[in-house]
Each structure stands twice: as structure tokens, then as C-alpha cells.
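Both backbone and side-chain heavy atoms feed into the values below; hydrogens, waters and symmetry mates do not. Note on naming: letters A, B, ... go to the chains in the order of the sequence lines (proteins, then strands), and numbering restarts at 1 for each one.
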Protein chains: 2
Amino acid sequence: MVDDQPPLPPTLADVAELAGVSRQTVSNAINSPALLRPETLARVQHAIEALGYAPNRAARHLRTGSSRLIGLRMSPAQEFTADATMDRFVHALVEASREAGYHVLLFSGGPVVAGERPDLLAGYDALLRSTAVDAFIVTDTYLGNPQASWLAERRAPFVAFGRPWDDETSGHPWVDVDGAAGTRLATEHLLERGHQRIAWLGWREDSRLGEDRRAGWEQAMAARGLATDGLAVRVEDTLDAGWTASAALLDTAAPTAFVCASDTLAIGVLHTLVARGLRAGPDVGVVGFDDSQVAQVVPPGLTSVRPPLEQVAVELVRALRRLLAHEPHQAEGVLLTPTLAVRGSTARG
Amino acid sequence: MVDDQPPLPPTLADVAELAGVSRQTVSNAINSPALLRPETLARVQHAIEALGYAPNRAARHLRTGSSRLIGLRMSPAQEFTADATMDRFVHALVEASREAGYHVLLFSGGPVVAGERPDLLAGYDALLRSTAVDAFIVTDTYLGNPQASWLAERRAPFVAFGRPWDDETSGHPWVDVDGAAGTRLATEHLLERGHQRIAWLGWREDSRLGEDRRAGWEQAMAARGLATDGLAVRVEDTLDAGWTASAALLDTAAPTAFVCASDTLAIGVLHTLVARGLRAGPDVGVVGFDDSQVAQVVPPGLTSVRPPLEQVAVELVRALRRLLAHEPHQAEGVLLTPTLAVRGSTARG
DNA sequence: CTGAAAGCGCTAACAG
DNA sequence: CTGTTAGCGCTTTCAG
């Protein structure tokens with residue numbers, strides 16, 4: 001434990017000296033290599049290699065005004081739900097960002113004061129004012145969330161994962177997953193397997209996301225001319241709510257299958273089936289939404305609608321680059337179609 | 001879509017002008033407020049407030065050499081396992097970092113070239129050379145992982161989540177969870193519930209982490225004078241391996257309970273029980289490790305060892321601050337004790 | 001306690 | 001195509 005100071009990284013000047021050129025030429029070699037004579041370029045690149053040089057990000061940021069950082073707010077982790085979908089999304093986003101030369105900066109929403117509603121905007125504000133990030137990815141676009149309009153007001157560059165439900169004219173770029181298409185897929189899958197009395201287990205009516213997903217079930221049922229009366233129920237997105245509601249539904253409407261707005265609710269259905277000695281799949285079909293890890297490992301495997309998160313991340317970053325380059329973005333946003341991961345919970349016999 | 005340029009954030013000079021002082025005085029008001037006369041300080045603070053000023057991070061970074069950023073490498077997400085523990089940890093880390101005035105920068109390990117082993121170090125190297133982060137949190141400290149020694153060699157500041165299994169003398173700060181204590185807790189819990197033939201379902205022998213966890217089971221069994229012959233098996237950390245191995249173990253050794261090295265393996269046991277018409281809890285006790293979301297929601301609830309990730313994050317950040325302040329760190333690292341989340345899979349009757 | 005000057009490493013404008 | 005100059009916004013000397 002003698003001299004623990006890390007060696008100072010080489011600067012542009014060091015490279016210039018070694019290559020026998022001016023600092024500016026080194027800068028050009030990195031940012032506009034076409035300007036250099038091939039011979040000079042090679043010499044500079046060799047020096048860069050030899051010294052292990054990489055441009056200092058702070059200096060570059062100060063000079064260019066771009067931090068090459070994308071801010072993402074981590075919403076508090078939900079325990080006792082199945083929606084660990086954030087994990088997969090963050091991975092995908094980091095990967096997509098890297099390919100575009102960006103890093104992801106994580107932040108949370110300021111100190112949580114007991115008794116007070118946490119300030120969702122504090123984190124954005126601090127980052128914005130200190131010019132720490134070039135742009136934000138906004139994920140919680142549920143109705144009434146002030147983030148999007150607040151950012152738009154401040155002219156902060158951002159792209160939303162989720163449609164602007166509350167404001168059709170907001171005009172910011174967004175990417176979303178077509179929930180209706182997903183549940184349509186789920187319902188059709190159950191219909192193909194011979195189910196007719198297919199129930200909907202969804203969220204409360206004020207959730208636009210939930211209504212979107214519900215619509216897919218309704219459409220698929222209507223397309224077959226099947227009645228849906230008494231087959232739908234709307235509850236909170238909790239395990240217990242799914243448990244209770246599915247038990248009640250089995251008693252009142254005797255469905256042979258459930259399409260659910262989330263894996264959390266679907267797992268609730270599985271609990272009901274276990275309690276009644278029914279088998280998920282052969283006895284009662286169950287489909288979730290999110291394709292969470294839980295869906296993948298829970299016995300007998302939960303069939304689930306899988307959002308294309310990798311694709312979402314790629315589209316978000318693409319929209320972001322366009323935005324930062326001040327290119328006009330497509331007015332309508334990007335809507336991606338999920339797939340269906342079929343597992344034991346919809347197996348017959 | 002007229003003038004979409006966000007307004008330029010105010011600078012130190014703007015604040016100085018408004019407050020009628022020099023730029024230096026504003027800087028002092030922020031960094032060494034004790035130096036100012038209370039009256040002046042109040043005036044400056046008022047100006048800061050009025051303008052919504054926050055110091056430009058790039059400029060500060062360039063000047064002080066500190067980015068106030070902590071680098072964390074996202075390892076590729078595992079599908080079909082229960083270990084979504086990263087999510088909870090990242091949250092906790094973001095929170096702990098915020099309280100210390102740091103943000104978390106996420107990165108991944110360079111481009112993955114087909115056929116080649118991905119370069120774990122590329123991401124670290126790039127960040128280090130461009131002085132993008134002040135320090136790293138390293139999470140994959142399994143045996144043979146080159147990250148720690150590579151970083152140490154470069155004198156890069158880092159703290160490890162996980163003991164330096166391969167090198168007792170490595171001398172870098174670390175924080176870890178006492179796996180043996182966790183499985184001891186798990187085993188004692190089963191013993192209290194009347195189990196005697198308690199099996200161990202763990203990882204391959206070359207996993208030091210797995211051996212640590214196994215030791216707790218052995219200790220608890222030995223303390224009661226119970227034999228463990230034929231009751232232990234070591235497999236890969238996959239659902240299928242847990243499934244197969246537990247089935248074999250039930251046939252050969254007839255255990256009444258399983259302590260597992262991971263939730264993934266424990267879920268494998270649940271699959272075996274379902275297939276045999278046995279009930280987890282009343283018929284066969286099962287305990288996992290990680291307290292993943294899966295453990296929380298899978299019927300009938302998986303009892304699991306819960307690593308104190310929030311505490312881990314706090315200790316990691318504490319060690320990091322000490323390291324960056326060049327204070328001597330405690331030689332031994334910090335070992336934290338997990339708790340046991342008791343659920344239906346260990347309920348009797 | 002407050003003000004003036006220097007410079008962190010880089011790139012955008014110019015001059016050669 | 002290459003070299004010189006200036007300055008991004010901040011903090012750290014050093015004088016007053």
C-alpha cells in the first residue's frame with residue numbers, strides 16, 4: 001500500500017507529442033479522420049494505441065455540450081409482484097445505448113420524506129440544471145403522471161416508453177408495445193385450443209394501459225361471436241386481487257380459461273387453481289402478460305405475452321438520436337407487437 | 001415546433017451578477033459556505049434559488065477530476081432463472097449513491113462477437129481511460145474472474161460485492177453476504193419444524209460461493225448430530241438441474257426437506273413435487289436462496305434466505321467514499337447476515 | 001472575508 | 001491538410 005494514486009491517463013497533448021503533430025491534428029484524427037493524410041492518420045492512430053488514449057469525457061462534454069449520457073429514473077422496486085420486467089429492459093437499453101455511443105445514467109426521485117408524496121420530478125430537475133445528461137428515457141407514462149408534460153415544458157429532450165395517454169397532441173417521440181395485439185394473440189391461442197368461456201382478469205378502468213390490453217381480448221372474442229358477459233373483472237394489480245377475483249369468477253361464470261393483464265394477476269389465478277386442486281393447463285388455461293422470470297419458472301410454466309423489450313430499447317435510442325440531431329421525428333411514435341411465449345399453463349390434456 | 005432549443009442553464013457568472021458579487025464568492029457559497037458573511041451568503045443563495053442554478057457537472061468534473069459517477073457493469077440478464085436479484089440491488093445502489101452525492105453509470109461489456117468469449121474488461125477499460133467514472137462496483141467475483149485483479153493492477157478504485165475468493169491478499173474493500181449463516185438459518189428453521197432428513201441441493205464444487213452456502217447446512221446438521229451422508233448433491237444452477245436432481249434424491253435418500261443454494265434450484269424442487277403430487281410445505285419442506293420475486297409469488301410461497309441488499313449497497317458506497325477519500329479501509333471487508341423469509345413451502349400440516 | 005488570475009482537456013474557428 | 005488561438009464553466013491558488 002505505497003503509492004496508490006492511479007497513473008494519470010494520457011491527454012491529447014501526449015499523443016500529439018508522441019506522433020510529432022499538433023494537438024489539433026490528433027483531435028481531427030479522432031473526430032474527422034477524413035481530413036488527415038492517410039500516412040499522418042496512421043501515425044496518430046499508432047500513438048493513440050501505444051498510449052492507450054481515450055478522450056477525456058468531461059473536457060469533451062464541456063466543450064461540445066454533450067455528455068453522451070441518457071438519464072433513466074429507477075422507480076422503486078415492487079415486491080410481491082411478478083413484474084421484474086425492468087431488469088430486462090434496462091439491460092436492453094444499456095446495450096442499445098452502447099451501440100449508439102451513449103451510457104445510461106440511473107437516478108432516483110430525490111429524498112423520500114415520510115408522509116409526503118415523493119417528488120417524481122426532483123431527480124429530472126437536478127440532472128437537467130447541471131447538464132448531466134443529454135436526454136431522458138421516461139417509462140412511467142400512466143395517466144396523470146406529470147413527468148412528460150413537465151419535461152416538454154422545459155424543452156428537455158426525452159423519449160417515452162409508453163404512449164402519451166393523457167395528451168394526444170403532446171408531440172414527443174414515444175415507443176410502446178401493442179397491448180391489444182398481445183391479448184388478442186393470447187385469446188386466439190386459447191380459442192385454438194378449444195376454449196370458449198375465456199375470462200378477462202384486468203386492471204381498474206382508469207388504467208388506459210389496462211383498457212388497451214382488455215380490448216384485445218374483447219376483439220378476439222367478438223371475432224368468434226362469443227359473448228363476454230360476466231366474464232370480465234377489474235381489480236388492483238396484486239397477487240391477492242388476482243387470487244380472490246379468479247376464485248369468484250370461477251364460481252359465478254365458470255370460465256375454462258383466463259387472460260390476464262399481468263403476470264402478477266395470472267400467478268394469482270394459479271394460486272386459486274392450486275387451492276382447488278385444479279391443474280393449470282389441462283383443467284383451466286391461464287395466460288399472463290410481461291413474460292417475467294416468474295412466468296418462465298413457475299410450475300407448470302405460465303404462457304405469457306412477451307413484450308419485445310430489446311426492440312423497444314433500440315427504437316427508443318433511435319428516436320433519441322433523431323431528436324438530439326434535431327431531425328423531425330415521426331409524429332405517431334412506434335408501436336411494437338409482442339409475441340406469445342407458450343408454456344404449460346395452456347397445454348391441453 | 002418553432003424554437004426547440006432548451007434555454008441555456010444559468011452559470012456561476014449569472015448568479016454572481018444577480019447577487020452583485022464575484023464569481024468566486026458564488027463558488028464559495030456552494031463549496032465552503034462557512035467562509036462567507038451570513039448576509040452575503042443569504043444574498044447569493046437567494047440568487048441561486050431565483051435562477052434555478054446548479055453547477056455544471058462537466059466543468060466541475062474537469063476542474064476537480066471527480067465525475068461523481070459510479071460505474072456498474074450489467075451482466076447479461078439470465079432468462080429461465082429466478083435470480084432477478086440484480087433489480088433490487090441496482091435500486092438499492094442508486095438510492096445509497098444518491099445519498100452520498102453520486103450517480104450510477106451503467107455499462108455493458110463491449111460488443112459481443114459471435115464465437116468469441118465476450119471481453120469482460122473492455123467496458124471498464126474505456127470508462128477508466130476516459131475518466132468517466134470515479135470508481136466501480138464489481139459484482140461478479142466468482143473464482144477466476146479477472147475483473148478485480150485487472151482493476152487492482154491498474155490502480156482503479158473499486159469495491160467488490162462478493163469476497164475475493166481467489167486471492168486472500170488482494171487487499172481491496174469488499175462487502176458480501178454470509179451465505180453459510182443464511183443456510184444455517186434455513187436448516188435450523190427446518191429442524192425446528194421437525195425435519196431431520198434435510199437434503200442439500202447446491203452448486204458444483206468449484207463454486208466457492210456454493211461451498212460457503214453448503215457449509216451452513218452442514219454446520220446446522222452437525223450441531224444436531226445428524227448425518228448428511230447421501231443427502232447432498234451438486235449440480236448446475238438451472239431449473240432443470242434442480243428438477244432432475246431433487247427427483248433422484250427423493251428416490252435414493254428420501255429427504256423430507258431441501259435446502260437449496262438458489263431460488264432457481266428450489267423452484268426445480270417445486271416442479272418435482274408438483275409432478276409427484278406432493279405438497280411443498282406439508283409434505284416436503286423447501287428453502288431457496290435470494291428471496292427473488294419468484295420466491296415471493298410462486299404457490300405456495302417459497303421460504304427463502306433474503307440477502308440484505310439495501311444494507312449491502314449502503315456498505316459498498318461507504319467503502320467507496322472511504323477509498324476515494326484515501327482513508328485506510330478495514331482490511332477484512334464487511335460480511336452481512338441475511339434473514340429468512342418464511343412462506344408456505346416450509347409450513348407444516 | 002472578498003476579488004483577480006490561471007488552467008483542467010478538449011474542439012470550433014481561423015490562419016497558414 | 002496542419003498549426004495557432006480562444007474559451008466551454010468551474011475551482012484553486014494567491015493578494016487584498
Side-chain angles (χ1 to χ4, degrees), chain A residues 5-45 47-48 51-68 101 127-132 134, chain B residues 5-45 47-48 51-69 101 127-134:
Chain A
Q5 301 305 322
L8 287 174
T11 74
L12 208 64
D14 298 327
V15 178
E17 192 179 2
L18 181 61
V21 297
S22 78
R23 280 161 40 210
Q24 181 50 26
T25 303
V26 180
S27 179
N28 283 337
I30 294 165
N31 300 304
S32 321
L35 292 182
L36 297 216
R37 195 189 315 160
E39 177 196 310
T40 319
L41 181 58
R43 206 166 71 242
V44 173
Q45 281 172 337
I48 288 174
L51 292 172
Y53 169 78
N56 180 306
R57 291 182 72 108
R60 194 174 242 188
H61 177 185
L62 186 56
R63 185 64 240 236
T64 64
S66 163
S67 62
R68 312 294 298 181
L127 252 21
L128 213 48
R129 297 198 309 200
S130 59
T131 68
D134 287 354
Chain B
Q5 301 307 320
L8 288 174
T11 74
L12 209 63
D14 298 327
V15 178
E17 192 180 0
L18 181 62
V21 297
S22 78
R23 281 160 42 209
Q24 179 47 28
T25 304
V26 180
S27 179
N28 281 337
I30 293 165
N31 300 302
S32 321
L35 291 181
L36 298 215
R37 197 190 313 159
E39 178 197 311
T40 318
L41 180 59
R43 206 168 70 242
V44 174
Q45 282 173 335
I48 289 176
L51 291 173
Y53 169 77
N56 180 306
R57 292 182 71 108
R60 192 175 244 187
H61 177 184
L62 186 57
R63 184 66 239 238
T64 64
S66 163
S67 63
R68 311 295 297 184
L69 249 34
L127 253 20
L128 212 47
R129 296 197 311 201
S130 59
T131 67
V133 300
D134 287 355

How close or far is atom [atom2] of [N] from atom [atom1] of [X], stated in whole angstroms?
{"X": "A:Arg63", "N": "D:dC10", "atom1": "CZ", "atom2": "P", "result": "16 Å"}
{"X": "A:Arg68", "N": "C:dC10", "atom1": "CZ", "atom2": "C1'", "result": "15 Å"}
{"X": "B:Leu8", "N": "D:dG9", "atom1": "CG", "atom2": "P", "result": "8 Å"}
{"X": "A:Ile48", "N": "C:dC10", "atom1": "CD1", "atom2": "C1'", "result": "13 Å"}
{"X": "A:Asn28", "N": "C:dC14", "atom1": "CG", "atom2": "P", "result": "15 Å"}
{"X": "B:Arg23", "N": "D:dC10", "atom1": "CZ", "atom2": "P", "result": "9 Å"}
{"X": "A:Leu35", "N": "C:dT11", "atom1": "CG", "atom2": "P", "result": "13 Å"}
{"X": "A:Gln24", "N": "C:dT11", "atom1": "CD", "atom2": "P", "result": "8 Å"}

Where the side chain of [X] is concerned, which of [options] is the nearest nucleotide?
{"X": "B:Leu36", "options": "C:dT2, C:dG9, D:dT4", "answer": "C:dT2"}
{"X": "B:Thr40", "options": "D:dT4, C:dT2, C:dC10", "answer": "C:dT2"}
{"X": "B:Arg37", "options": "C:dG9, D:dC10, C:dT2", "answer": "C:dT2"}
{"X": "B:Thr64", "options": "D:dC10, D:dT11, C:dG3", "answer": "D:dT11"}

How long is the straight-line distance from CG of A:Leu18 back to OH of A:Tyr53, given to the nearest 0.5 Å?
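Result: 13.5 Å between the selected atoms.
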Looking at B:Arg60, does any N or O in its side chain come under 4.0 Å of the phosphate oxygens OP1/OP2 on D:dT11?
yes
Any A:Asn31 side-chain N or O less than 4.0 Å from OP1/OP2 of C:dT11
yes
Pick base, sugar-phosphate or nothing for [X], based on heavy-atom distances below 4.0 Å to the nucleic acid.
{"X": "B:Thr25", "result": "sugar-phosphate"}
{"X": "A:Leu12", "result": "base"}
{"X": "A:Leu62", "result": "base"}

Any side-chain to backbone donor/acceptor pair from A:Ser67 onto A:His61? Under 3.5 Å, distance only.
no
With a 3.5 Å distance limit and no angle check, can you tell me whether A:Arg43 reaches the backbone of A:Ala19 through a side-chain donor-acceptor pair?
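At least one qualifying donor-acceptor pair exists.
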Any non-hydrogen side-chain atom of B:Leu69 less than 4.5 Å from a side-chain atom of A:Arg57?
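Side-chain contact under 4.5 Å: no.
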Going by heavy atoms in the side chains, are B:Thr11 and B:Asn56 under 4.5 Å from each other?
no
Quick one: on DNA chain D, does A:Pro38 or B:Pro55 contact a more 5' nucleotide (nearest heavy atom)?
A:Pro38
DNA chain C nearest-nucleotide lookup for B:Val21 and A:Ala13: closer to the 5′ end is B:Val21
